[in-house]
Amino acid sequence: MHIAFVFNLKDDPACVEDAAEPPSDPPSEPPGSLPDDRYAEWDDIHTVRAVERALASRHQVTLVEADLDAFETFRRLSGQADLVFNVAEGLHGASREGQIPALLDLLQIPYTGSDPLTLGLCLDKRRSKEILSYNRVATPRFWIVATLGEIPRRLSYPLMVKPTLEGSSKGVTDRSLVHNFVELRRQVEWVLATYRQPAIIEEFLPGREFTVAMLGNGPGLRALPIVEINFAALPEEASPIYSYEAKWVWDREEDPLQIFSCPADLDAALQRGIETVCRQAFTALGCRDWCRIDVRLDAHGHPQVIELNPLPGILPRPEQNSCFPKAARAAGMSYDALLLAVVDAAASRLGLAGEAA
């Protein structure tokens, strides 16, 4: 097939063809203002090239950057490209992850992954948790506050405080786990001022945390080996959460944290429980082809869904600690085989020729 690969590129977008240096080091401190982490969801040139190579091992590939020229580029490709491999995260607004898929729907060009509605719902923690709750999929209790005056007074601590409309641990710093009203108010104020969006206050679950790579559709949907997050690997005083610091500051490619176990050490009943709640969440939100789902155990050891990531990170090198590729490797899949499996899932769903036999 002819596949158009669409992405957002970190650093200088003009460097798609010529960039050879890795992106600059992440900031040494948690984000204090939006520019520090605004491109955290985008891909660097090395990831773009790795995905291109993987797709090109079986298909003809055209690169498309998800910039203001993307509409005209896709308009020219209409009738030529059989499928778009989409990892574009966007930048502006609550609909940013759905902007490229909406454009492709307009041009009637098929693409991998979830549609604009699902991408928007999964990015919006309030709406995704409302849908999970309606469908009786276990998820922590939560409260949404748009002003300091809306913070509930009678709450049980500890609690988590996050921006409502961010991913890649943006706005989830080591201080996001709060233990009293003073800390809660401080963190809500920081989220409101920094991200200019409502904050979500969420019940903190004290149990083990996992992330689950889901691949496929319908009866063919499967969970890859489950990844556990080992908080004992964090600095001694760190909060037991997978924070911005844990993901982008303390975990460095040259000195990766030993923070993940895959496959996780689980008994059969717990593994079934985690996989079941992830299938329920995948279906309830209308996900397609692939999604990474974060799960944590409550005080009784029952799995609850924290959030869904229908545009999962796919850093190519093992030392980069990217969970979806890590789960695939544990399943015996190479990086290339993982990305081709996503293409095959989309092609099968769409009835396109060219998927694997």
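Note that the coordinates shown come from a computational prediction; the quantities given were computed from them, not determined experimentally.
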Over all atoms of both residues, closest heavy-atom pair of Pro140 and Lys129: O-NZ, 2.7 Å

Sidechain N-carboxylate O distance under 4.0 Å for Lys125, Glu202: no

Flag for Thr211-Arg292: side-chain donor and acceptor within less than 3.5 Å: yes

Within-4.5 Å side-chain heavy-atom neighbours: Arg279 and Phe282: no

Under-4.0 Å salt bridge between Arg296 and Asp294: no

Under 3.5 Å donor-acceptor, Asn135 side chain and Ile131 backbone: yes

Ser95 and Leu123, any side-chain heavy atoms less than 4.5 Å apart: no

Flag, side chain of Tyr195 to backbone of Gly171, donor-acceptor distance under 3.5 Å: yes

Side chains of Cys278 and Ile226 in contact at under 4.5 Å (non-hydrogen atoms): no

Atom of Pro316, atom of Thr47 and distance for their closest heavy-atom approach: CD-OG1, 3.4 Å

Side-chain heavy-atom pair Ser243, Arg175 within 4.5 angstrom cut-off: no

Donor-acceptor contact present, side-chain Ser114 to main-chain Arg288, <3.5 Å: yes

Side-chain (Gln271) to main-chain (Leu266) donor-acceptor, under 3.5 angstrom: no

Trp290 and Phe85 aromatic ring geometry - parallel, tilted or perpendicular at 30°/60° bounds: tilted

Short side-chain to backbone donor-acceptor contact, Ser128 and Asp124, under 3.5 Å: yes

Distance in Å, Leu184 CG paired with Arg153 CZ, rounded so as to fall on 0.5 Å steps: 9.5 Å

Side chain to side chain, Leu234 and Asp174, heavy atoms closer than 4.5 Å: no

Distance in Å, Phe181 CZ paired with Tyr157 OH, rounded so as to fall on 0.5 Å steps: 6.0 Å

Show which side-chain atoms of residues 323-343 pair as donor or acceptor with protein atoms under 3.5 Å away, not counting sequence neighbours.
{"from": "Lys326", "atom 1": "NZ", "to": "Asn321", "atom 2": "OD1", "distance (Å)": "3.2"}
{"from": "Ser334", "atom 1": "OG", "to": "Ala337", "atom 2": "N", "distance (Å)": "3.0"}
{"from": "Tyr335", "atom 1": "OH", "to": "Ile314", "atom 2": "O", "distance (Å)": "2.6"}

Candidate pair Glu89 and Asn8, rule side chain to side chain donor-acceptor pair (under 3.5 Å), full reasoning: CA-CA 7 Å; Glu89 299 273 1; Asn8 288 110; over 6 Å; no

Main-chain N/O of Arg126 paired with Thr164 side-chain donor or acceptor, under 3.5 Å: no

Any side-chain heavy-atom pair of Lys162 and Val191 under 4.5 Å: no

Heavy-atom donor-acceptor pair, Gln99 side chain to His92 backbone, under 3.5 Å: yes

Minimum heavy-atom distance between Asp289 and Arg349, given as atom pair plus value: OD2-NH2, 2.7 Å

Exam field: side chain His2 to backbone Gln60, donor-acceptor pair closer than 3.5 Å: no

Any donor-acceptor N/O pair, Thr112 side chain to Asn86 backbone, under 3.5 Å: yes

Any donor-acceptor N/O pair, Asn309 side chain to Pro312 backbone, under 3.5 Å: no

Carboxylate-amine/guanidinium contact Glu166 Arg96, below 4.0 Å: yes

Enclosure of Gln108 CD (heavy-atom neighbours >12, cutoff 6.0 Å): no

Residue pairs fulfilling ring-ring contact (aromatic ring centres under 6.0 Å, His included) with at least one residue in residues 96-148, sequence neighbours excluded: none

Non-hydrogen side-chain atoms of Val64 and Val84 separated by less than 4.5 Å: no

Polar contact flag, side-chain donor to acceptor under 3.5 angstrom, Gln187-Glu183: no

Side-chain ion pair, Glu52 and Arg49, N-O less than 4.0 Å: yes

Side-chain H-bond candidate by donor/acceptor type, Asn230 with Ser261, under 3.5 Å: yes

Hydrophobic cluster identity match, Leu132 and Ile293, side-chain contacts under 4.5 Å: yes

Within-4.5 Å side-chain heavy-atom neighbours: Thr118 and Leu308: no

Within 6.0 Å of CG in Asp265, more than 12 heavy atoms from elsewhere: no

Heavy-atom closest pair, residues Glu65 and Leu9: OE2-CB, 3.9 Å

Minimum-distance pair of heavy atoms, taken over all atoms of Leu77 and Ala4: CD1-CB, 4.0 Å

Under-4.0 Å salt bridge between Arg186 and Glu189: no

Closest contact, heavy atoms only, Leu119 versus Gly98: CD1-CA, 4.1 Å

